[in-house]
There are 2 protein chains.
Amino acid sequence: MQMSTNQVQRRPYPVPPTSPTEPDDIRLIGITMSVSRDQEIFGEGEPADQVFKVVKGAVRSFRLLSDGRRQICDFYLPGDVFGIELGADHRTTVEALTDTVLVVARRSTLGDEDDAGANRRLWRQAMKALQRSQDHAVTLGRRSASERLANFLVDMAARLGGGEALELPMSRQDIADYIGLTIETVSRTLTQFQILGLIRLAGCRSVQIQKPRTLAELCA
Amino acid sequence: MQMSTNQVQRRPYPVPPTSPTEPDDIRLIGITMSVSRDQEIFGEGEPADQVFKVVKGAVRSFRLLSDGRRQICDFYLPGDVFGIELGADHRTTVEALTDTVLVVARRSTLGDEDDAGANRRLWRQAMKALQRSQDHAVTLGRRSASERLANFLVDMAARLGGGEALELPMSRQDIADYIGLTIETVSRTLTQFQILGLIRLAGCRSVQIQKPRTLAELCA
DNA sequence: CACTTGCCTTGATTTCCATCAACGCCGCCG
DNA sequence: CGGCGGCGTTGATGGAAATCAAGGCAAGTG
């Protein structure tokens, strides 16, 4: 991670504005950290000695092919934990989608063997990531463009927790690279959804879901 | 799991024909179990109270969409562990590709909190699965048909450990459902590879890799 | 304000892969 | 042996999404 950048600010921990104790909540003991839009948090191949939790904002985790094609593995929203790795190194790059606040902890303090509770929560986070990745693989391998997008919207609506109104933190390009399409196809499919009355677009990042049922059916 | 089927045989444990202690080897204490070709080992949604290890043979783990489309999440070969879940239930169905021998353990005996070594090995297995799933997502989201197939062949060659000669345990349909293509495209691409001299097909499941370098470059 | 820049949308065309269809090969079984 | 069924290959055609190209819109800047 580039700690030298002046956009990164660190403050001593005392206010982790996380929700109370949820089942698999990790109350990271660490420092908070602010990252501005598009800034890299860590890069693929860098040593993975820290674990992060999103407090505010959102990030994208992705991998690049040699010729520049990008596959976004996941987006992490407030409450989500990322940066857990099997080996010594990170296998994805993570960047902030918007100005973002994180809590950081050293990995060693988490993997600590005598804290059974922390281990269990870490375990749950990792398995949740595995589940999401497998779901994602099904989408990428076997679903059509509209199914992918419907799925994406329904998932984001659920995770952002704003009911039928969502404020997307990512660009069209990010969406395209997440669901394995091009930016043009994403755009066309969204306007198609609007024409069909499934959604309403109020500004390109603000989506109102009009027919949740129909959209859910499209998820197949 | 269908224990009633007469094709499943169980014997009391005393011969787990696994290799000695590898770094992340799980020496499952359990019973061995024989499963014949195409038989289901467990189904999506069934309670996940057991963990399995392949001793001999191979299995496919997959999910179905409502209309029958199938996405194979992974193949498990000798030495691989599968069936580890976050929640109470399995999220994929697993079937034997060929006649297969497994070792089975109850999940509870593994998650046992005071066996730190077993926990660590379980952890490694789960994270390995996550890595593979993420790699898979990159392939499914951003690679062309020939890149997918090249990738598949190279990966299988490495995992089967037979150097340049591989005996595929799965059908064309299985390959297609793994890399997100149709059976026809898989077939065509394989013959294309053969025409280009990258591989040689000796019977449809027997592949000789002729130009490993070129094939590896195709993996992008 | 005029101009640039980045992001998004829309249209035209192309391409890759899916689909549809036929056939070959081979093991199996009557 | 001959027919049958499962699997794989090959060919012809179609279609969904990619690519190529142009233009709109809004925020930022001189």
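To find a chain, count down the sequence lines: A is the first, B the second, and so on, and within it residues start at 1.
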**OP:** Rounded off to whole Å, could you give me the CZ-to-C1' distance for the R143(A) and dA16(D) pair?
**Re:** 17 Å
Original post:
Under the 6.0 Å and 45° cation-pi test, does R70(A) pair with F62(A)?
Top reply: yes
Subject >> Out of dT9(D), dG11(D), dT9(C), whichever nucleotide has its closest atom nearest the side chain of T191(B) >> reply: dT9(D)
Original post:
Please give, in whole Å, the distance from dC17(C) C1' to L140(B) CG?
Top reply: 15 Å
Subject >> Rounded distance (Å) that lies between atom P of dA18(C) and atom CD of E147(A) >> reply: 15 Å
**OP:** Within residues 164-184 of chain B, find the residues that approach DNA chain D with a heavy atom at under 4.0 Å, and present them sorted by residue number.
**Re:** S171(B), R172(B), E184(B)
Original post:
Can you check the Q194(A) CD to dC8(C) P distance for me, whole Å?
Top reply: 15 Å
Subject >> Residue pair L102(A) / V55(A), side-chain heavy-atom distance below 4.5 Å >> reply: no
**OP:** State, to 0.1 Å, how close S133(A) and L130(B) come at their nearest heavy-atom pair, and which atoms those are.
**Re:** CB-CD1, 4.1 Å
**OP:** Assert yes or no for the condition that the ring centre distance of F52(B) to Y76(B) is strictly below 6.0 Å.
**Re:** no
Original post:
Could you state the CG-C1' distance from D67(B) to dT19(C), rounded to the nearest angstrom?
Top reply: 15 Å
**OP:** Using the closest heavy atom to pick a nucleotide of DNA chain D for each, name whichever of V186(A) or L201(B) lands nearer the 5' end.
**Re:** L201(B)
**OP:** Test V81(B) against every option in K128(B), K53(B), R124(B) by the side chain to side chain contact (heavy atoms under 4.5 Å, CB included) rule and name the one that passes.
**Re:** K53(B)
Subject >> Under 3.5 Å donor-acceptor pair, R188(B) side-chain atoms to dG8(D) base atoms >> reply: no
Original post:
F193(A) has an atom CZ; how far is it from atom C1' of dT9(C), in whole Å?
Top reply: 16 Å
Original post:
Please walk me through it: do T189(A) and S146(A) pass side chain to side chain donor-acceptor pair (under 3.5 Å)?
Top reply: CA-CA 6 Å; T189(A) 309; S146(A) 14; 6.0 Å; no
